[in-house]
There are 2 protein chains.
Amino acid sequence: MENMKKVPECPVEITLQLIGDKWKVLIIRDLLTGTKRFSELMRSVTGITQKVLTSHLRAMEAAGLVSRKVYPEVPPKVEYSLTETGYSLKPILDSMVLWGMQYKSKL
Amino acid sequence: MENMKKVPECPVEITLQLIGDKWKVLIIRDLLTGTKRFSELMRSVTGITQKVLTSHLRAMEAAGLVSRKVYPEVPPKVEYSLTETGYSLKPILDSMVLWGMQYKSKL
DNA sequence: CAGCATCCTTCAGGATACTG
DNA sequence: CAGTATCCTGAAGGATGCTG
């Protein structure tokens with residue numbers, strides 16, 4: 001059973017496995033400001049397609065970072081929000097924002 | 001001239017453009033502990049190939065994150081280290097390490 | 001509205017061989 | 001040792017159409 005490489009020893013690699021992806025970071029950034037509907041995310045995450053947004057939301061849901069709430073209405077309404085674990089990523093995002101601003105000012 | 005999307009407005013996207021890549025994060029992590037030779041990086045960045053390591057180092061050099069020092073010897077000796085800008089990424093890496101550890105302990 | 005199903009393209013990254 | 005040069009594959013992601 002050498003296929004248990006799902007859990008790397010190194011902490012950074014764990015983090016990368018969960019959010020080491022451009023789209024995921026952008027989705028989390030937008031969810032940090034509060035609950036969003038699917039269509040809102042489609043608009044706020046510039047350039048993402050339905051398929052990609054869906055698959056990433058599913059993956060993050062499975063990882064316990066995002067929760068999905070379906071309202072049994074017509075037309076359908078689905079809201080996504082960060083779980084406590086997902087929200088705990090905020091420090092990482094914050095430092096990325098801070099660094100990005102500093103880097104930009106040096107250009 | 002709509003091809004000027006090289007500099008996104010959003011700080012997070014700037015950061016992602018420079019280190020939004022699994023390999024780059026791992027390379028930076030290893031350089032944070034000090035100057036490394038090419039072969040040392042090949043070993044410490046588990047699983048990376050020569051070509052990929054080279055291309056990422058070049059990109060990070062161009063971005064001003066990494067400096068490359070060539071010693072005119074035989075056999076060749078090349079050392080890579082973080083620039084001040086590159087080192088300033090440490091808080092991001094630190095928060096990723098911290099988060100990774102916390103997430104792991106919840107599994 | 002919030003998706004799922006398909007098909008198709010692209011290119012990051014891997015494998016291999018060669019060199020100053 | 002530290003690369004460069006090719007070739008090649010897979011899978012991430014884009015485009016489009018359909019539906020509960």
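In what follows, every chain begins at residue 1, and chains take the letters A, B, ... in the order their sequences are listed.
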Item to check | Donor-acceptor pair present, A:Lys51 side chain and D:dG14 base, under 3.5 Å | outcome: yes
Next on the checklist: Under 4.0 Å, heavy atoms only, any strand: does B:Tyr80 hit a base, just the sugar-phosphate, or nothing?
Outcome noted: sugar-phosphate
Item to check | Separation of atom CZ in B:Arg68 from atom C1' in D:dC1, rounded to whole Å | outcome: 12 Å
Item to check | Atom pair distance, as rounded to whole Å: CG in A:Leu57 and P in D:dG13 | outcome: 13 Å
Checklist entry - Does B:Ile28 share a hydrophobic cluster with B:Tyr87, counting links as ILVMFWY side-chain heavy atoms below 4.5 Å and allowing steps through other members? => result yes
Checklist outcome for this item: In whole angstroms, the gap separating C1' of D:dT4 from CE of B:Met42 amounts to 14 Å
Next on the checklist: With heavy-atom distances below 4.5 Å as the criterion, would you say the side chains of B:Leu26 and A:Glu13 are in contact?
Outcome noted: yes
Checklist outcome for this item: So the contacted stretch of DNA chain C, first to last nucleotide with an atom under 4.0 Å from a non-hydrogen atom of chain A, runs from C:dC1 to C:dC7
Checklist entry - Is there a side-chain contact between B:Thr15 and B:Val12 (heavy atoms, below 4.5 Å)? => result no
Item to check | Pairwise 5' ranking along DNA chain D for A:Ile48 and B:Arg37, keeping only the more 5' one | outcome: B:Arg37
Checklist entry - In terms of side-chain heavy atoms, does B:Lys36 have a donor or acceptor partner in B:Thr33 at a distance below 3.5 Å? => result yes
Next on the checklist: Could you tell me how far apart B:Leu53 (CG) and D:dC1 (P) are, to the nearest whole angstrom?
Outcome noted: 14 Å
Next on the checklist: Would you say that more than 12 heavy atoms from the other residues, nucleotides or ligands in this model lie under 6.0 Å from the NZ of A:Lys90, or not?
Outcome noted: no
Next on the checklist: Rounded to whole Å, please give me the gap between CG in B:Leu41 and C1' in D:dA2.
Outcome noted: 12 Å
Next on the checklist: For A:Thr83 and A:Ser67, which I'm curious about, is there any donor-acceptor pair between the side chains at under 3.5 Å?
Outcome noted: no
Next on the checklist: Please compare B:Glu40 and A:Thr49 by the position of their nearest nucleotide in DNA chain D and report the one closer to 5'.
Outcome noted: B:Glu40
